[in-house]
Each structure stands twice: as structure tokens, then as C-alpha cells.
Amino acid sequence: MDQHRAPYFQALLDYVDSGVQPFHTPGHVQGVGMDLAFREFVGDNICAIDLTPMPGIDDLLQPTEAIKEAQELAAEAWGADHTFFLINGSTSGNQCMMMAAINPGEKIAVPRNSHKSMLGGLVMSGARPIYMQPEVDLELRMDHCVTPETVARTIEQHPDLVAVYLVSPTYYGVAADLAAIERIVHGAGKMLLVDEAWGPHFHFHPALPLSATNAGADVCVNSTHKMLSAFSQCAMLHHKGERVALDRLEAVLKMFLSTSPNLPMVASLDVARKQMATEGEALLSRTIALAEETRARLNRIPGLYCFGEELQGRHGIFDLDPTKVTVTVKGLGYTGYEASALLRRRYNIQVEMADLFNVVALFTIGTTREAAEGFIYAFEELARDDRPIDMFAPSGILEERLRRGTFRLPAVPPMRMLPRDAFLADAEFVKFRESSGRICAETLTPYPPGIPVIAPGEEITREIIEYLRLELKAGVRIQGPFDGELRVIRVVKE
Ligand SMILES: Cc1ncc(COP(=O)(O)O)c(C=O)c1O
């Protein structure tokens, strides 16, 4: 196929050129009825291609024309048998792949540190999760991937598993040994589903980890908007082989999609594919070189650490995405949260993510040398500063807790109900402090390390209550609950 073409973007341009008089949605009618200040800011062109499915423009729900061709081009570019454009992120991809692959009550092995959309998939599909523990680096307070040994052990303990679901790479850019895991999973006759939200670029550069499609995943999802150039929310679901029924996957996707997809978003997927297929390797070479140089220069600044190749081969770190630059700021006496706030306040730099020890910055095909220089300069200055309070100093609250080992995650609590049943059951709020023994109806995930300590359907234990209260005291954020301060918790009504 001709990867230089962008058939869907072209279809929208053709419509604009044809001068059709529109009597259809959206109601702003190519910008004419739109608030002027907004239209002037976003520009006439984006309004002109904000159209609706119709003959010649094709329909994402039932593609037969330009979207069909655009998806086929994407499948070829990523080495899949079929590719589907998503406009609700990898979030919807994770949910759809679970609903397509698993029947209610069937078992699926999932890493405990999956993105919360995995839990959405469990709730929607009614699957029974068998949790696999990821490897945790206590020094950097980071969770990594699950190992092939963990996957093999889980299959051995649960021979009735239907599928194995993996997250690779992690938010920190650490990739699992997908080739070895694929051999184990398919060797045992199970399906392999991969959340590759952070790795849409892997397929286009030999220095990047093996892509999930090349590893032979049955279904995988990429957030094209995260590391490539598509608009926010744009993602792709790739399907390979016959283990996951294509007709069921298509039926699920249709149920999830709006009947009025945002067409500029769909077009941005088409052109992001064209860009990667035709110039991806060159663009990524420049990005990788810039990120590697930044990592090396940051590592020369006393007090900073930016992990790289030297960690490769440790448990759960099979390979690395060099374009994720994780700066461990603990040695400067800052928490990642503080460093992130200072970078923003003093240097107008916004990083992707911060946790207790680290800040994570993305280097993508849109990152300029000038921006990288500003990033390095900001850290040089931060390192020169006198810290008023060293958060990690001996006798400081964090150091004390690290020494006592209270950062260790509590044991995974017993599962009393399926996530779906607990999530959909009548619920009530009770005082968190007094909730021991109740069945949780929400997910509580401290960052770091981003591993849920409790998920819907699990019993709240005293150990969990104490652990989370200590985490909160130390300033760790708890994601997921209705009440972020954990005064109350949502539980299944008795
Ligand atoms: C591992 C992982 N999977 C899935 C998602 C969801 O992706 P999206 O934001 O494209 O819906 C995220 C978002 O951060 C993620 O980190």
C-alpha cells in the first residue's frame, strides 16, 4: 500500500473543496455559528473539517470507504491483521479487548499495577481477575513489568485461565520480555492482550523495544496521542490472528463508539500513521539521541539520577524506552511533587508525571533541542539551590518511614466478590478508619508506586487502613476514591 497517502484526511479536504452547502451536524456548520473568540483561536480550518459521517466521508462505525483504507494502511504500518481507530483513548481499547476476549466469570491474569481502564474492562466483561505482582524497585520506588516467570507460574496455578493481559511499557518506559511471555502464553493455549498505550512508536525504530504486534499479541492497544502526533484521545487497537474473534471485537467496538465521532481526530490518526510509516525512523532517531544526551547530562549533575541501560536485565526490566526521561530527584532532598511544582513555577516547565522520588518527562518527535536545553538548565539550577528542608534527611519523616519499611505494599486482600458485582452492587459510605472487614466498592491506588492496594470486590483489611493513612500523612496521593482524603470509603452495602 502507498503509505504516503492519507486517504481520510484527503476525504475531508475534498468535502471542503467541493463547496457543499451543509444541512447536517455539527450545528456550528463549519464554524459559521461558532462563538467568534473560540473560532478565531482554533482557526477556520479545524471547523471546516469538523463534519459528520456521510457518503464520501465514511463512517467509523461501518467503514467502507476512506476510513477502511486508512485503517488498512495503519494495520500494514504496525504489522497487524486489522487495526481499529479509537477516539476514546487506550482506555476504551483496554475495555473493548477484555469484553471481546472474555466471558463473564472466566479468568484473566492481569498485572496488579495496570491502568485503571483495566478495572473498567473487568467490570464491563465480568471477568475474574488473577492478579500478577509486578517487580517493584524499592530504591527508585517504581513498579516495573511482570516477568515471564510470574506469567508461567500464574498459568501453572490457574490452568483454566483464558487470557493473559500485560502492560508493557510502563509509565516509566520499562518494557517486559514480550517474546518470552508470548511463547509461554500461546504455548499454553491462552490469549495474549497487551496494553501498549505508551509504546505506539516502538514499531518504527530498531533501537526501541519489540512492539506488541511483532511479539505476536492477539490484541494490543496504542495511545497514538501519547507518544506520536495524533490529537488527544486518539488511539489504535491492533488485532492479529484468530484467537480473539474478530466479529465480537467489532461488535464491542461499535457499542463503545459515539455515532458522531470527531472527524479531525480520526484524520489526525490517519496522518500520524503516514508520518510514522514514511519518516518515523528518522524522526525517532533524532528524539532518541536528544533524550540520551539529556539523560547523560542530567546524570552528571550531583544529586540527580536518571536511570538507563544499566538497569536493563534486572527483574521486570527487560528493555527500555529511551524517550522517557525519569529524573530521580530524591538525592536533592526534593520529592518528585516538589520538583515538579518548582519546575513549573520557576522555569515554566511542565513534566508529564511526578511521584515521591521522581519526575517523568516525555521526549517525543515534538521535543526541540531548545526545550531540552531549558530542561537541563532548570535541573542544574535546582541542584545548586540550598534546600530549606531535606525531605529525606535522617530523622525526616520519609527517611524514618523508609527505614521502618512502611513503604512496603500490604498483602493483596482476599477477593470476596467479582469486581463487576461489587462495582454494580448497592453501595454506601462508611468511615475509612472503621471499614475493616467491609467489601470495597472502589479502587485505592497510592502514587507511587501506582499499584492498587485494594480494588472493587476485595475485603478491606486493618493492614490496608494503616498503610494508607501513613501514606496520606507522608503526602502520597491516593488515586481512585471518591474522598481523596480517605475520611470515608465506598463499600458494598450489607
Ligand atoms: C498504561 C496505560 N494504559 C492505558 C492508559 C489510558 O490511555 P488513554 O489516556 O489514551 O485513554 C494509560 C494512561 O495514562 C496508561 O498509562
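Note that ligands are numbered from 1 as they come in the structure, with each ligand's atoms numbered from 1 the same way.
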**Asked** Would a distance-only check, ignoring hydrogens and angles, find a side-chain to backbone donor-acceptor pair under 3.5 Å from R112 to P452?
**Response** yes
**Request:** Answer yes or no: is there an ion pair linking R153 with E149, defined by an N-O contact shorter than 4.0 Å?
**Result:** no
**Asked** Backbone, side chain, both or neither: what part of V221 comes under 4.0 angstrom of ligand 1, heavy atoms only?
**Response** neither
**Message:** Does this structure show an ion pair linking K240 with E182, if we count only N-O contacts that are shorter than 4.0 Å?
**Reply:** no
**Fill in**
Honestly, for Q233 the part within reach of ligand 1 (heavy atoms, under 4.0 Å) is neither
**Asked** Can a donor-acceptor pair be found between the side chains of T170 and H144 at a distance below 3.5 Å?
**Response** no
**Item:** Euclidean distance, L418 CG relative to F423 CZ, rounded to 0.5 Å
**Value:** 14.0 Å
**Request:** Indicate yes or no: at least one non-hydrogen side-chain atom of F318 is less than 4.5 angstrom from one of I181.
**Result:** no
**Prompt:** Hey, is R295 close enough to E292 for a salt bridge, meaning N to O under 4.0 Å?
**Reply:** yes
**Request:** Please report which non-hydrogen protein atom sits nearest to atom 16 (O) of ligand 1, along with the residue it belongs to and the distance in Å to one decimal place.
**Result:** W198 NE1, 2.8 Å
**Request:** Look at R5 together with E69 and state whether they make a salt bridge at an N to O cut-off of under 4.0 Å.
**Result:** yes
**Sub-4.0 Å atoms of ligand 1 with respect to non-hydrogen atoms of V167** = 1 (C)
**Request:** Note the single closest protein heavy atom to atom 9 (O) of ligand 1, along with its residue, its atom name and the distance in Å.
**Result:** K226 NZ, 3.2 Å
**Item:** Distance from atom 1 (C) of ligand 1 to nearest protein heavy atom, with residue and atom
**Value:** D195 OD2, 3.5 Å
**Selection from S232, A235, S90, P169 by shortest heavy-atom distance to atom 7 (O) of ligand 1** = S90
**Request:** May I ask whether M118 has any heavy atom positioned less than 4.0 angstrom from an atom of ligand 1?
**Result:** no
**Asked** Between T91 and ligand 1, which part of the residue brings a heavy atom under 4.0 Å of the ligand: side chain, backbone, both or neither?
**Response** both
**Message:** Suppose I only count heavy atoms of A197 and a 4.0 Å limit; which atoms of ligand 1 are within that range?
**Reply:** 2 (C), 3 (N), 4 (C)
**Fill in**
Of all protein heavy atoms, the one nearest atom 15 (C) of ligand 1 is H115 CD2, 3.4 Å
**Asked** Counting each atom of ligand 1 from 1 as listed, which ones have a heavy atom of S223 under 4.0 Å away?
**Response** 7 (O), 8 (P), 10 (O)
